[in-house]
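So the structure is just underneath, and the comments pick up after that.
Protein chains get the first letters and strands the later ones, always in sequence-line order, with residue 1 at the start of each.
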Amino acid sequence: MPWATIENIDWWEGKDVEIRGWLANRRSSGKVVFLILRDGTGFIQATVALNEVFSKEDLKFLERLPFESALLVRGRVRREPRAPFCGYELEVWGVRVISVPREEYPIQKKEHSVEFLMEHRHLWLRSRRQNAILRIRNAVIMGIHEFLQKEGFTLIDPPILTPAACEGTTTLFELEYFDLGKAYLSQSGQLYMEAACMAFGRVYCLAPAFRAEKSKTRRHLTEFWMVEPEAAFFTFEDNLHLQERLVSFIVQKVLSECPRELEILERDTKPLERVTPPFPRISYSEAIELLQRKGFPVRWGDDFGGDEETAVSEEFDRPVFIHHYPRAIKAFYMQPDPENPDLVLNDDLIAPEGYGEIIGGSERIYDLALLEERLREHNLPREAFEWYLDLRRFGACPHSGFGLGIERTVAWICGVHHIRETIPFPRQIYRIYP
RNA sequence: UCCUCGGUAGCUCAAUGGUAGAGCGUCCGGCUGUUAACCGGAUGGUUGCAGGUUCGAGUCCUGCCCGGGGAGCCA
């Protein structure tokens, strides 16, 4: 008996198959019992009728099976316009019960509070909507690997335990590291990617990042995933070009590979179809002028909050680069603009529809003396950065890279309101369970 | 950390300071095509915790705990 998956059920039309899954819902109408099965790849309706195989007692038993019972169900695949979900249904002639919950399944077919769902995240993952979001996350991550590998980038894994901060120490998760004092959970793999790109040319990492910030917004997690490409001899311009092609590739891949998931999420795909290079660009100074015209009380030198980012992105129909920020509000390693040393060769990529910053990138300083000066300005402990300075002592060259936040990108593509739904087990300031 | 809203049945929510309720779920029964099925019956409570005001507190006051929304913070 072939083991069929629901996502490919159309292959089996007219054939007898076995579906291995769980009871997601059921209905009965006396002599017909409808079992809604899910197997992780989709949902399908199975019908059990009163006949020579199933007695009235059998139907009574199936009608009372608790939700989330694990089942092996055998039957014939039939096209059925009345069937929900996939247009096919399983005409059942055999059911084997693997396990039956003793307690009532907590998640019901109705609205629940956010608190309740987060408390039951381990079960919430089984719902149709969460399944769709995490399948799209899977497609996004696979798309990142596919694109970067094709572009000649090598995957290099960064350390998670690190000796020092990338930027300051206020937002680090700290732990004791044997006799060597404090260690910290990584905020970014970037500095290690800079070392790796001098060895491999083009590299990237896809790793978790940890922030002990007490941020409590729909765009923040304390543990999130970033892809960080870094390329030797890449200029600011090369960097932007890579970013817009990567983001476009991911979006187009999801559109072509995940139409069912986008439909489940009721995502309007029109704005996503427009996501093709080149992306519009606006300099920091132009953005300030734009915001002032729109009535925001911002002055040159201020950083942007979420509302400002959204106001800028509303002017464009696809993701927009904001570039050349003031040096004073950006990280220590960013290369100054040769035409104006108060600015740096950096960019933020702002997603449309109010989803905010999904990329931060820049060309990096490669001059030893300038980098040493910046470390001093930022009061960073030089000893911890000696290895990083070595990269400027031996074979220093222009290089650029960026970090793309996986959850923010998935949230935007899925059109979900809060990024806690885009990671299987979100870590937030007031939640570490489950 | 600040502002703001909330915590009542398993879940989602009602309840002028005056007998704690409904829908859903669950259990029992009915129904040969249901679409969060439907119909009938039954079941369900330390009103987040501690104290106070009052003849009387789910309701008012104080403190604490937990959570939602937002801000700040944020390669």
Side-chain angles (χ1 to χ4, degrees), chain A residues 24-36 43-51 54 56 59-60 63-64 66-67 78 80-87 89 91 101-120 127-128 165-168 170-172 186-191 193-194 209-222 224 226-228 230 303-307 309 325 329-334 344 346-349 356-364 378 400-405 408 417-418 420 428-431 433:
Chain A
N25 193 7
R26 54 172 156 63
R27 290 179 283 272
S28 121
S29 184
K31 306 295 186 293
V32 186
V33 176
F34 301 91
L35 304 174
I36 307 302
F43 288 71
I44 192 169
Q45 174 165 283
T47 59
V48 186
L50 182 64
N51 53 29
F54 295 103
K56 193 158 186 176
L59 292 198
K60 205 83 221 171
E63 193 181 311
R64 292 174 187 171
F67 295 137
R78 205 160 49 90
E80 172 55 70
R82 288 174 295 183
F85 307 117
C86 58
E89 117 185 333
E91 218 167 341
R102 291 184 180 180
E103 296 171 50
E104 187 185 338
Y105 186 60
I107 298 184
Q108 302 178 3
K109 299 167 290 179
K110 61 181 291 189
E111 299 251 335
H112 288 286
S113 66
V114 171
E115 181 184 0
F116 181 82
L117 290 171
M118 293 306 298
E119 200 69 16
H120 295 84
S127 78
R128 203 153 170 256
C166 268
E167 345 249 323
T170 54
T171 62
L172 286 167
S186 174
Q187 291 179 304
S188 161
Q190 181 198 313
L191 305 189
M193 289 303 104
E194 289 187 56
F210 303 90
R211 298 268 183 86
E213 292 155 12
K214 296 199 167 178
S215 298
K216 194 176 166 305
T217 82
R218 65 193 181 91
R219 302 203 316 276
H220 287 88
L221 297 167
T222 58
F224 64 100
M226 263 198 305
V227 58
E228 294 176 282
E230 192 76 28
D303 209 346
F304 300 133
D307 289 346
E309 285 175 354
Y325 279 65
I329 58 171
K330 283 294 169 182
F332 75 93
Y333 48 72
M334 291 183 178
V344 286
N346 84 307
D347 68 276
D348 284 352
L349 183 68
E357 179 187 342
I358 55 172
I359 283 181
S362 72
E363 192 172 323
R364 323 300 194 191
H378 286 78
S400 302
F402 62 92
L404 175 139
R408 288 185 184 180
H417 181 255
H418 199 298
R420 65 185 158 218
Q428 296 173 274
I429 170 170
Y430 293 126
R431 181 167 297 283
Y433 178 94

Which part of the nucleic acid, if any, lies within contact of A:Glu103, taking any heavy atom under 4.0 Å across all strands shown: a base, the sugar-phosphate backbone alone, or nothing?
-> nothing
For the side chain of A:Glu115, starting at C-beta, report the closest nucleotide among B:rG67, B:rG70, B:rG72.
-> B:rG67
Reckon A:Glu357 touches a base, only the sugar-phosphate, or nothing at all at heavy-atom distances under 4.0 Å?
-> nothing
Ion pair present between A:Glu89 and A:Arg82, side-chain N to carboxylate O less than 4.0 angstrom?
-> no
Of the candidate nucleotides B:rU1, B:rU32, B:rA71, which contains the atom at the shortest distance from the side chain of A:Val32?
-> B:rU32
Which part of the nucleic acid, if any, lies within contact of A:Glu230, taking any heavy atom under 4.0 Å across all strands shown: a base, the sugar-phosphate backbone alone, or nothing?
-> nothing
Centroid separation A:Phe67 to A:Tyr105 less than 6.0 Å = no
With a non-hydrogen cut-off below 4.0 angstrom, is A:Arg78 in contact with a base, only sugar-phosphate, or nothing?
-> base
Hey, does A:Tyr430 reach any base, or is it just sugar-phosphate, or nothing, if we go heavy atoms under 4.0 Å?
-> sugar-phosphate
Name the nucleic acid region contacted by A:Phe402, choosing base, sugar-phosphate or nothing; use a 4.0 angstrom heavy-atom cut-off, strictly under.
-> nothing
Using a heavy-atom cut-off of under 4.0 Å over every strand shown, decide if A:Arg219 touches base, sugar-phosphate, or nothing.
-> nothing
With a non-hydrogen cut-off below 4.0 angstrom, is A:Ser28 in contact with a base, only sugar-phosphate, or nothing?
-> base
NA contact type, A:His120, heavy-atom cut-off 4.0 Å: base, sugar-phosphate, or nothing?
-> nothing
Nearest-nucleotide comparison on RNA chain B, the residue closer to the 5′ end among A:Arg408 and A:Glu80 | A:Glu80
Does A:Glu357 pair with A:Arg219 as a salt bridge, N-O distance under 4.0 Å?
-> no
Indicate, with a heavy-atom threshold strictly under 4.0 Å, whether A:Arg420 touches base, sugar-phosphate, or nothing.
-> sugar-phosphate
Any A:His112 side-chain heavy atom under 4.5 Å of A:Ile107 side chain | yes
So what does A:Tyr105 touch, heavy atoms closer than 4.0 Å: a base, only the sugar-phosphate, or nothing?
-> nothing
Of the nucleotides B:rA36, B:rU26, B:rU12, which one has an atom closest to the side chain of A:Lys109?
-> B:rA36
Is A:Glu119 touching bases, backbone alone, or none of the nucleic acid, heavy atoms closer than 4.0 Å?
-> nothing
Inter-nucleotide C1' distance (B:rA36, B:rC73), Å rounded = 42 Å
